[in-house]
Amino acid sequence: MVALWVVLGVLIVILLFLSGGYNGLVNARNTVKNAWAQIDVQLKRRHDLIPNLVETVKGYKNFERETLEAVTKARTAAQQASGAGVGERSKVEGELTAALSRLMVVVERYPELKANQNFLALQEELTSTENKISFSRQAYNDVALQYNNKTQQFPSNIVASMFNFKKEQEFLQATEGEAERKAPKVSF
Amino acid sequence: MWEQIRSNRLRSVVLVIVLGALLLLLGWFLGKAFVDDGIAGLVIALVVYGFLNLIAYFQGDSILLSIAGARKIKPEDHPRLYNVVEEMKIAAGLGKMPDVYIIDDPAMNAFATGRDINHASVAITSGLLQKLNRDELQGVIGHEISHIKNRDVLLMAMCSVLLGTIVLLAWYASRMMIFGGMGTRSRRSSSRDSGNGAAIIMVLAIVLMILAPLFAQLIYYAISRRREYLADASSALYTRYPEGLASALEKLAQSATPVKAANQATAPMYIVNPFRGKGLNVNNLTSTHPPIQERIRILRAMAGGASFAVYDQAYRQVKNRQSGVISAATATAVGAVGLRPASAEGAVEEPPAEKIARTREVNDLMYRMNDYRTIDCECGTRLKVPSSMQGSAVRCPRCGRTHQT
């Protein structure tokens with residue numbers, strides 16, 4: 001009789017451990033997925049902002065055509081790559097960031113443009129979107145780290161390998177930082 | 001992220017339990033003293049607490065916001081503020097965007113409220129909004145968002161209700177004792193056989209009645225101060241730029257306009273103590289916030305990183321203490337974190353470098369003529385020490401390092 005109760009108790013403990021561990025892992029995986037989706041939202045937002053920006057800037061006399069064309073081209077490339085893998089995408093989006101920051105440097109030379117309310121509003125949106133992209137990447141890396149810890153640390157790693165949870169989520173590198181460093185210096 | 005909140009909450013929870021025990025003790029002794037029944041006192045204390053708690057839980061945020069005179073804004077009313085809040089929401093990984101409020105008040109302050117992440121609000125005075133550049137605003141909002149993320153708002157609301165109940169009970173009991181003393185005495189004479197014990201209980205009840213509100217207040221302040229350090233550390237972590245919050249706090253320290261619609265109970269909600277006057281930076285037991293100068297020094301001493309571990313190290317360095325403010329488990333939960341450079345806007349507000357250099361040169365010359373000695377601190381500040389100074393060591397006002405003279 002006692003043995004039966006002990007066996008039952010052990011079974012219940014195991015069940016609790018498994019369900020707790022499994023739910024924790026599912027939770028962590030969904031958080032990672034959600035963080036990834038957040039980055040996507042911000043990248044799309046940036047793609048949507050660019051045509052407006054180009055329209056506003058184009059109206060100004062002698063605005064450098066090459067800079068504008070580079071931005072438009074980078075945007076098209078980034079949009080086409082939106083279904084591609086992480087590596088390819090971050091490369092293309094990095095190029096778009098570089099093109100945009102070059103554009104912002106060129107804008108400094110047009111005082112009348114900096115007095116334009118429409119442009120200022122766009123600039124605020126663009127600055128904020130760039131920030132949001134880097135903050136969401138930051139948040140993604142944080143939750144990816146937690147997921148990785150969960151799948152590799154004892155005892156949750158047992159549950160993870162039982163239910164085939166992916167061992168490792170990849171981290172995102174700050175490719176944009178490098179791209180900015182490569183942006184050419186403009187002399188006045 | 002959950003692990004850090006849990007380990008940080010532990011110490012706060014201990015303090016809250018002490019606060020709750022204080023309430024129960026007060027209730028029991030008052031009951032014993034007045035109606036000769038400790039349990040009745042306990043029940044009254046709990047009912048009052050429960051009632052106030054329900055109000056605070058469901059209506060607390062809207063009461064607070066309407067007392068402060070805050071108005072809710074839409075994204076297009078103030079795009080920059082709204083964007084910065086959204087940026088910090090993303091950095092903190094909050095599930096829902098908090099409501100954004102502006103308080104039309106020239107005083108400089110900000111606070112966060114709401115019982116959980118889904119009912120959270122961030123409010124900022126128009127005075128503060130005008131004075132801050134983007135990086136500084138980000139630092140302040142990061143601080144407020146982390147109050148939401150760390151569940152400080154709920155914790156502080158529950159604590160302030162506990163405190164409020166204790167104060168309320170003690171206040172009514174003292175009034176009853178003064179004006180209704182006759183009634184209790186005649187009542188107690190019926191049970192004269194336990195007269196001696198009743199007298200002791202009466203004395204204990206009076207002592208508790210006087211001391212409980214004071215103790216409760218001190219505990220409340222201690223909880224509040226600890227949460228402020230954690231929020232500063234989180235803000236640095238989210239923004240990856242401690243200097244933003246440091247320079248915002250510097251601006252806040254310079255203004256001494258008290259917030260019109262603040263009172264003792266709502267004080268811990270604000271980013272800096274809303275009642276402070278100029279020069280009032282003493283770190284005493286009765287302040288809801290750590291002194292601003294100290295918070296700035298800790299943020300500026302964060303060399304080479306933005307993680308909790310770096311903040312903790314800076315805290316120990318500035319306060320000259322062995323134990324840090326963030327538990328070890330939390331500090332290691334987040335790995336090494338780098339800093340980011342200032343945004344373009346942050347740099348624009350500086351006066352031209354050659355003008356600063358020229359002013360410094362003239363100043364240095366004047367000091368040298370007056371026999372001041374100069375010490376170059378590692379953080380780039382040049383300290384000028386008058387020849388009449390008596391002490392053997394001097395502390396850098398910017399980063400807090402001490403130098404021998």
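The chains referred to below are lettered A, B, ... by the order of the sequence lines, with proteins before strands, and numbering in each begins at 1. None of these values were measured; they are calculated from a predicted model.
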**Prompt:** Is E125(A) salt-bridged to R80(B), going by a charged N under 4.0 Å from an acidic O?
**Reply:** no

**Asked** More than 12 non-hydrogen atoms from neighbouring residues, nucleotides or ligands closer than 6.0 Å to CD on E66(A), yes or no?
**Response** no

**Message:** Any non-hydrogen side-chain atom of F135(A) less than 4.5 Å from a side-chain atom of K89(B)?
**Reply:** no

**Reported OG1-to-CG distance for the pair T129(A) and N83(B), which is rounded to 0.5 angstrom** = 7.0 Å

**Fill in**
Residues A139(A) and A91(B): closest non-hydrogen pair is CB-O, 4.2 Å

**Prompt:** At what distance, to the nearest 0.5 angstrom, does CD of E124(A) lie from CZ of R134(B)?
**Reply:** 4.0 Å

**Request:** Check whether the side chains of E86(B) and S128(A) place a donor and an acceptor atom closer than 3.5 Å, and report yes or no.
**Result:** no

**Request:** Could you tell me whether K44(A) atom NZ has more than 12 heavy atoms of other residues or ligands within 6.0 Å of it?
**Result:** no

**Request:** Would you give the length of the straight line joining atom CD1 of I90(B) to atom CD of Q138(A), rounded to the nearest 0.5 angstrom?
**Result:** 10.5 Å

